[in-house]
Asker: 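Here it is: the structure, laid out below.
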Amino acid sequence: MKRSIDELTTSSSSSTIPSGKPVFLTKAQREQLALQRRQEQVAAAQQQRPPLPSQSQSQSNHHPKPPRPPSPSHRGDRGHDRERDRDRERRDRAREDDSKSRDRVRAEKQAEREREKELESIKDQYLGTKKPKKRVIKPSEKFRFSFDWENTEDTSRDMNALYQNPHEARLLFGRGFRAGMDRREQKKLAAKNEKETRQEIRRKEGVEERPEEAAAQRLKEEAADMYDTFDMRVDRHWSEKKLEEMTERDWRIFREDFNISYKGSRIPRPMRSWAESRLGTELLRAVEKAGYKTPSPIQMAAIPLGLQQRDVIGIAETGSGKTAAFVLPMLTYISRLPPMSEDNEAEGPYAVVMAPTRELAQQIEDETVKFAHYLGIKVVSIVGGQSIEEQGFKLRQGCEVSDCHAGAAD
Ligand code: AMP
């Protein structure tokens, strides 16, 4: 510290006093001197700090550097530090200002975007939006109704007049068919036309028909007849056909005629008549004796299923013959089992029919007995309101079928 003051005094005095004699400086002088030096330093620093391109270039062009300020004294250091701190503060403040202004700009942009969005939504609200609306699916549309039948099961005739009355071509030259027209009719017409044409030619030429030509013609006519027979088979009503002639379409028509519909898998064909059912001869005789000419629709549908020992839920109106529909297959099954005797009576009955009312239980008993007694099958009904002892005695004697009123156990 001492040295720096000395140096200062030396250098300052040397500028004013050429001789090397030390000069005493007052405090005010020293302060002024320091201030002056400081100003010089600041001026030099300012020149150096923002190196402008022209300046830096000029510096690189070997221009003499500005003279370095003389080494600062201790006081000059302090002032310099303060100045540096102030500079730093200024820079920090400037940086802070910069970031603040950047944040402000960002916030403004964000606000601008939000304003635009809001404007857009207001515009949409008042002018109508262009966005495709999400389709609301009604609950009724969610479930697709699936029909019990398929499109191919439509047995109605084509009502289009074009197909009902097809145009018949006169000349087919004995060959080929026209698509979409009745092949049977075409075949017949072709055979007829050919015969007439041949006869015409022969008459013109005065030639007799040769035996081989006559034979060939006969063969052709027979073939046409055969075709006719075959095709007639397709066109006949199901009631005129044998069982083996029935087509899928015929079965559909048959089911439609009797209003028979099924739900389930591997369903056997319905029976068209008692004769076509697979009931035993005794039962068939019993049915005949009962005076049942034709099976009722529920019997047509349910008896073939019952004979296969399948589980069936049959729905048909009252008095439609439901009892016989389950009783006949049941008796067929029981008839194959050993009859009830003293040895096996404890194992019986083979079948138990539960009914919701006493009257129904008795009706079922009557209907069952009608067929069962031809097969030697015993039927016992258990109903409320009748002697328990008597009913118990009948049961103990052994029976194959028991009709129970559901409340009989009370
Ligand atoms: P259900 O619906 O079983 O109570 O029968 C009603 C009535 O129809 C009963 O008297 C039966 O005897 C009679 N029945 C059942 N099936 C036939 C049938 N295929 N033909 C004539 N009558 C029948």
Side-chain angles (χ1 to χ4, degrees), residues 1-18 20-139 141-142:
M1 177 116 162
K2 198 180 168 198
R3 219 183 97 220
S4 71
I5 292 168
D6 287 344
E7 277 172 11
L8 184 70
T9 51
T10 315
S11 66
S12 64
S13 62
S14 65
S15 62
T16 49
I17 303 151
K21 215 177 172 185
V23 179
F24 177 76
L25 292 172
T26 62
K27 191 179 176 185
Q29 276 177 326
R30 282 202 304 275
E31 276 177 1
Q32 196 189 347
L33 203 61
L35 198 65
Q36 191 189 336
R37 282 201 185 283
R38 177 64 198 145
Q39 279 168 353
E40 279 171 15
Q41 278 177 359
V42 168
Q46 273 176 352
Q47 268 184 352
Q48 276 182 349
R49 204 186 307 143
L52 291 167
S54 57
Q55 265 184 344
S56 61
Q57 211 173 5
S58 64
Q59 275 172 13
S60 65
N61 287 347
H62 305 292
H63 278 289
K65 275 189 177 178
R68 259 185 95 85
S71 70
S73 68
H74 184 69
R75 272 201 192 169
D77 273 356
R78 265 188 170 176
H80 185 69
D81 284 350
R82 269 203 300 277
E83 188 61 30
R84 207 167 46 208
D85 288 348
R86 268 200 295 277
D87 274 355
R88 195 180 302 133
E89 273 169 26
R90 261 202 304 279
R91 273 201 303 278
D92 287 349
R93 230 176 288 130
R95 219 175 289 135
E96 221 169 85
D97 287 351
D98 262 7
S99 77
K100 270 184 191 164
S101 71
R102 244 179 278 128
D103 285 350
R104 208 170 38 247
V105 168
R106 207 175 298 138
E108 274 171 12
K109 276 187 183 167
Q110 178 71 18
E112 181 70 22
R113 271 201 296 274
E114 275 170 13
R115 215 166 29 249
E116 273 175 18
K117 251 192 204 169
E118 197 183 340
L119 272 173
E120 199 63 36
S121 66
I122 292 169
K123 230 161 76 180
D124 281 353
Q125 198 177 348
Y126 286 99
L127 302 176
T129 176
K130 280 174 202 156
K131 276 183 219 160
K133 270 194 176 177
K134 216 175 152 191
R135 204 173 85 86
V136 182
I137 303 167
K138 286 187 228 159
E141 285 174 1
K142 276 186 193 162

Asker: Without placing hydrogens or testing angles, list every side-chain donor-acceptor pair under 3.5 Å for residues 109-121, not counting sequence neighbours.
Answerer:
| residue | atom | partner | partner atom | Å |
| --- | --- | --- | --- | --- |
| Gln110 | OE1 | Arg113 | NH2 | 2.9 |
| Gln110 | NE2 | Glu114 | OE2 | 3.2 |
| Glu112 | OE1 | Arg115 | NH2 | 2.5 |
| Ser121 | OG | Glu118 | O | 2.8 |

Asker: Please report the interatomic distance CD(Glu83) to CZ(Arg90), rounded to the nearest 0.5 Å.
Answerer: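 Rounded to the nearest 0.5 Å, the CD-CZ separation comes to 6.0 Å.
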Asker: With sequence neighbours left out, what residues match Asp103 under salt bridge (Lys or Arg N to Asp or Glu O under 4.0 Å)?
Answerer: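 So Asp103 forms a salt bridge (Lys or Arg N to Asp or Glu O under 4.0 Å) with Arg106.
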Asker: Atom CD of Glu108 and atom CZ of Arg104: how far apart are they, to the nearest 0.5 Å?
Answerer: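 One finds 7.0 Å between CD of Glu108 and CZ of Arg104.
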Asker: Could you give the distance from CZ (Arg38) to CG (Leu33), rounded to the nearest 0.5 Å?
Answerer: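 Spacing of CZ (Arg38) from CG (Leu33) equals 14.5 Å.
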Asker: Any chance you could measure Arg102, atom CZ, to Asp97, atom CG, to the nearest 0.5 Å?
Answerer: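 Rounded to the nearest 0.5 Å, the CZ-CG separation comes to 11.0 Å.
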Asker: Using the rule given for salt bridge (charged side-chain N to carboxylate O under 4.0 Å, His left out), can you reason through Asp92 versus Arg95, listing the C-alpha separation, both sets of side-chain angles and the distance that settles it, and then say yes or no?
Answerer: CA-CA 5 Å; Asp92 287 349; Arg95 219 175 289 135; 3.3 Å; yes
Asker: At what distance, to the nearest 0.5 angstrom, does CD of Gln39 lie from CD of Gln41?
Answerer: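 So the CD of Gln39 and the CD of Gln41 are separated by 11.0 Å.
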Asker: Surrounding CD of Gln29 (heavy atoms of other residues, nucleotides or ligands, distance under 6.0 Å), is the total greater than 12?
Answerer: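 Yes.
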Asker: When rounded to the nearest 0.5 angstrom, what distance separates CZ in Arg84 from CG in Asp81?
Answerer: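 It is 4.5 Å, given to the nearest 0.5 Å.
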